[in-house]
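Report on one structure; see the data block that follows.
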Amino acid sequence: MSQTNVRSNLSGPQYDAWLGYHAALPGANGGLHKAAPIWSKRIEVQEQHHVMDTALTELSQGLSKLYGVQPEIIKAQTQDALHNERIPAIRLGTLDGSRFAAATLTDSERAAVHGEGFIIREDEAQRELVISSATLQGVLYAVFHLLRELTLKPERAQTGAASDDMKHGKHKRIDITEQPVNSLRMINQWDNVDGSIERGYAGRSIFYENGEFTRDIKRIRDYARLLASTGINAVAINNVNVHRKESLFLAERYLGEVAKFATAFRDYGIRLFLSANYASPIEVGGLQSADPLDEQVREWWSIQTAKVYAAIPDFGGYLIKADSENRPGPFTYNRDHAEGANMLAEALRPFGGLVIWRCFVYNCKQDWRDRSTDRARAAYDHFKPLDGRFADNVILQIKNGPMDFQVREAVSPLFGGMENTNQVIEFQITQEYTGQQRHLAYLVPQWKEVLDFDTYAKGEGSEIKRIADGSLYRRPYSGFAAVSNIGADACWTGHPLAQANLYGYGRLGWNPELSAEQIADEWVRLTFGHDEQVVERITGMLLCSLDIYESYTAPLGVGWMVNPDHHYGPNVDGYEYSKWGTYHFADCHGIGVDRTVKSGTGYTSQYHAENAARYESLETCPDELILFFHHVPYTHVLHSGKTVIQHIYDTHFEGVEQAEALAETWKELEGKVDPVIYSKVATLQAEQAEHAKEWRDMINTYFYRKSGIQDEHARTIY
């Protein structure tokens with residue numbers, strides 16, 4: 001679909017995503033809206049700021065959609081004593097800039113929030129609602145949170161006399177205090193200036209068109225709105241694989257265009273970052289070297305960074321992929337990652353900027369004949385020795401697993417291995433290896449499992465979520481980063497149900513204690529409304545979808561088995577004899593990668609003792625990771641009681657049946673959801689069911705021919 005045709009469809013439920021603000025409950029006499037809360041008809045504000053203007057706009061529009069009432073907005077310059085009038089109203093402002101908050105909140109309540117945290121409080125008479133935060137961004141997050149609460153829980157909004165409602169238990173006073181757990185909650189765009197998106201499955205880029213920055217700033221603002229509504233506060237707007245033209249984003253020619261994007265995101269409290277080419281001094285500056293210890297190189301970065309901040313005063317900093325997959329880096333000059341990152345940190349420090357340095361570094365020119373080389377070891381081997389040597393404004397961005405966003409792999413042992421270094425965890429929202437937004441795969445359960453993993457770095461209770469949020473090691477910078485799954489498709493994510501992953505990532509970044517079930521329920525209700533059949537069916541589809549996808553693809557943690565390059569569809573030996581280090585080592589006797597200390601690559605030793613021992617032993621290694629850590633015979637009996645080969649057969653047959661069941665479940669919702677969304681999802685689910693059969697037959701046939709072992713149930717294997 002052309003960009004022009006896409007833009008003509010940028011309206012309606014699929015584009016609104018979870019911000020449609022469906023009427024909370026049917027109103028009287030069949031009306032569309034519930035009666036408006038007593039305080040919803042007036043909004044009072046004292047402070048003037050672009051983020052506050054955004055908050056006012058969002059609050060006004062949201063209340064209008066929910067209740068059919070356009071609130072009156074009263075600003076401080078038109079009224080001297082707003083609070084003293086005691087007129088029912090929503091009153092919002094920062095803790096230091098608003099006398100509303102000063103008059104309503106106690107000192108202890110004010111102390112309960114900091115940074116982007118917020119308080120939403122009704123007074124005892126139920127005649128006003130105060131929204132306050134230490135920051136303007138926090139006020140905006142509070143507005144989105146309030147609208148979410150009013151949509152999800154209509155009983156939160158009082159509509160009659162407060163005393164009567166309270167007596168009869170019809171209303172619970174709104175009293176919300178929220179504090180984001182992670183300080184950095186970031187999205188990485190892998191968009192290229194030619195309009196393509198690396199691993200993008202939802203159309204062309206919304207950022208770039210025909211080799212230039214888009215002029216469609218409204219679409220950028222709409223995206224910023226979606227991100228801010230879930231608590232995202234940072235975005236890198238270009239691919240970490242920085243090509244020649246994107247390297248010029250740091251130069252004067254493009255800084256004005258970058259600044260326009262920064263303004264669009266700034267209005268929603270989001271700080272803009274750039275993925276930078278480590279070799280920019282050569283590519284952009286015309287120098288002969290990018291050596292981080294070369295004074296001329298350091299000076300170039302300092303001067304160029306000052307120019308960036310002159311154009312974008314609140315610029316976040318640089319996201320760097322270096323010495324990985326043929327990207328330039330400090331290794332060229334016999335320097336290490338700390339020396340490379342610290343050079344950039346020095347240039348950014350005067351402006352409060354950050355270096356986010358990706359740890360996805362490995363030898364991508366391996367010899368498949370050499371079983372001693374193990375790609376899974378690479379990040380730990382490279383970065384563990386550098387712990388404590390990175391500057392305070394450097395953050396290491398570590399993938400959730402040691403390989404590359406597989407549907408099942410171990411967690412990265414680098415978490416728990418670097419006590420003296422800032423770290424963020426990197427997830428992949430875009431479904432590169434999980435169905436590419438053609439298959440349904442709700443990823444929040446996987447992310448939850450990773451975050452809840454106990455590293456034992458400081459004894460029991462050293463979960464990865466505590467490393468990511470900075471609390472375990474008391475680091476100043478920490479948080480989440482993830483690769484975006486959006487594009488120019490009218491529904492943003494290609495598959496309408498894939499919006500749940502974008503929403504879920506933001507919510508989990510704000511509060512990792514939220515359950516996958518709660519997040520799914522929220523998203524479905526916000527997106528589709530409160531019809532209980534719709535909520536039950538779609539939530540059920542989401543929650544079982546990742547297990548279904550795993551069941552008919554690569555088994556027991558071995559990973560990959562996809563077509564090279566584009567990574568879609570089954571190809572068991574696609575990477576088996578390649579340079580990329582993504583092997584399964586299947587032969588006529590068995591399958592799996594021996595990563596033990598006893599007889600393999602020694603990867604298990606990178607974990608703390610409790611996990612190292614669990615993975616080292618066949619007796620204690622979890623079934624779902626057995627082939628990630630061990631090479632075993634096909635007849636090896638799992639804890640489930642099945643042999644490995646029978647598990648492969650059974651799960652692949654069952655996975656097809658379950659994929660078909662997903663399609664049938666969706667059919668039950670015809671007429672109950674938007675017809676455009678219904679039709680699109682129905683088509684995708686039917687295609688998934690058929691594609692699951694291709695996975696089943698290729699995997700099962702491959703291993704039947706390798707092992708020569710029959711399926712116990714004598715099902716058709718070719």
Side-chain angles (χ1 to χ4, degrees), residues 362-378 399 401-411 432-435 549-596 599-604 615-616 618 621-638 642-652 655 692 694-709 711 717-718:
Y362 67 98
N363 175 15
C364 65
K365 298 179 180 178
Q366 297 181 27
D367 185 345
W368 58 268
R369 303 165 186 83
D370 179 9
R371 289 204 181 190
S372 66
T373 302
D374 184 1
R375 173 171 163 176
R377 291 186 56 107
K399 288 189 177 185
M403 297 297 282
D404 193 15
F405 302 128
Q406 299 301 293
V407 67
R408 177 74 65 178
E409 60 180 290
V411 301
E432 180 179 355
Y433 297 100
T434 50
Y549 184 83
E550 181 179 7
S551 69
Y552 61 74
T553 53
L556 298 170
V558 74
W560 307 94
M561 296 188 179
V562 293
N563 283 298
D565 301 325
H566 61 77
H567 297 165
Y568 186 73
N571 187 336
V572 186
D573 281 339
Y575 278 108
E576 189 61 17
Y577 306 102
S578 74
K579 62 183 180 180
W580 297 100
T582 53
Y583 313 126
H584 56 70
F585 297 130
D587 55 26
C588 63
H589 303 292
I591 179 178
V593 184
D594 186 349
R595 292 189 162 103
T596 66
S599 56
T601 68
Y603 167 79
T604 56
Y615 293 141
E616 178 78 11
L618 265 176
C621 185
D623 281 353
E624 65 270 17
L625 289 171
I626 196 74
L627 302 185
F628 188 91
F629 285 104
H630 296 273
H631 187 88
V632 298
Y634 294 110
T635 54
H636 173 77
V637 179
L638 302 169
K642 293 184 180 182
T643 63
V644 167
I645 190 65
Q646 194 59 44
H647 172 93
I648 291 172
Y649 295 154
D650 287 350
T651 53
H652 285 78
E694 185 177 356
W695 271 100
R696 175 197 66 193
D697 292 339
M698 286 196 180
I699 298 289
N700 282 348
T701 295
Y702 179 93
F703 286 108
Y704 171 62
R705 293 179 179 180
K706 280 281 186 183
S707 69
I709 299 173
D711 170 33
I717 298 179
Y718 299 93

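Bear in mind that the values here come from a model prediction, so they are computed numbers and not experimental data.
- Looking only at atom types and distance, the side chain of Tyr433 has a donor-acceptor partner in the side chain of Asp404 under 3.5 Å away.
- The aromatic rings of Phe585 and Tyr583 sit tilted, their planes meeting at an angle between 30° and 60°.
- Phe629 and Cys621 get closest at one heavy-atom pair: CD1-SG, 4.0 Å.
- Using a 4.5 Å heavy-atom threshold, the side chains of Thr701 and Ile717 count as touching.
- The side-chain heavy atoms of Tyr634 and Lys706, taken from C-beta on, include a pair separated by under 4.5 Å.
- At distances below 3.5 Å, not a single donor-acceptor pair connects side-chain atoms of Arg408 with backbone N or O atoms of Glu550.
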Exercise for the section: Please lay out, stage by stage, how Phe703 and Ile591 fare under the test side-chain contact (heavy atoms from CB on, under 4.5 Å). Expected result: CA-CA 10 Å; Phe703 286 108; Ile591 179 178; 3.4 Å; yes

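- The side-chain heavy atoms of Pro570 and Tyr702, taken from C-beta on, include no pair separated by under 4.5 Å.
- With rounding to the nearest 0.5 angstrom, the CZ atom of Arg375 is 11.5 Å from the NZ atom of Lys579.
- Residue Tyr575 comes nearest to Thr582 through the heavy atom pair CB-OG1, 3.0 Å, listed as atom of the first residue, atom of the second, then distance.
- The shortest non-hydrogen separation linking Val558 to Ala554 is CG1-CB, 4.2 Å.
- Interatomic distance, Thr635 OG1 to Ile709 CD1, rounded to the nearest 0.5 Å: 6.0 Å.
- Atom OH of Tyr577 and atom CG of Asp367 lie 13.0 Å apart (nearest 0.5 Å).
- Distance NE2/His566 to CD/Glu432: 12.0 Å, rounded to 0.5 Å.
- Here the side chain of Tyr649 pairs no donor or acceptor atom with the backbone of His647 at under 3.5 angstrom.
- A distance of 14.0 Å separates OH of Tyr704 from CG of Asp697, quoted to the nearest 0.5 Å.
- Inter-residue side-chain proximity for Leu618 and His636 is flagged as met; some heavy-atom pair is nearer than 4.5 Å.
- Of the possible polar contacts, one joining the Glu409 side chain to the Met403 backbone as a donor-acceptor pair under 3.5 Å is found.
- Here the side chain of His652 pairs a donor or acceptor atom with the backbone of Thr553 at under 3.5 angstrom.
- Distance OG1/Thr604 to OH/Tyr615: 11.0 Å, rounded to 0.5 Å.
- Phe628 is not listed as a side-chain neighbour of Pro622, based on a closest heavy-atom distance of 4.5 Å or more.
- Classified by interplanar angle (parallel below 30°, tilted 30° to 60°, perpendicular above 60°), the ring pair Tyr552/Trp695 is tilted.
- Between Val593 and His631 the shortest side-chain heavy-atom distance does not fall below 4.5 Å.
- Between Leu556 and the choices Thr651, Val632, Ile626, the side-chain contact (heavy atoms from CB on, under 4.5 Å) rule is met once, by Ile626.
- At a cut-off of 3.5 Å, with distance as the only test, a side-chain donor of Asp573 or His584 sits close to an acceptor on the other residue.
- Among all heavy-atom pairs drawn from Pro555 and Leu627, the shortest one is O-CD1, 3.8 Å.
- The shortest non-hydrogen separation linking Gly574 to Pro564 is O-CG, 3.2 Å.
- The two residues Glu576 and Ala586 make their nearest non-hydrogen contact at OE2-N, 4.3 Å.
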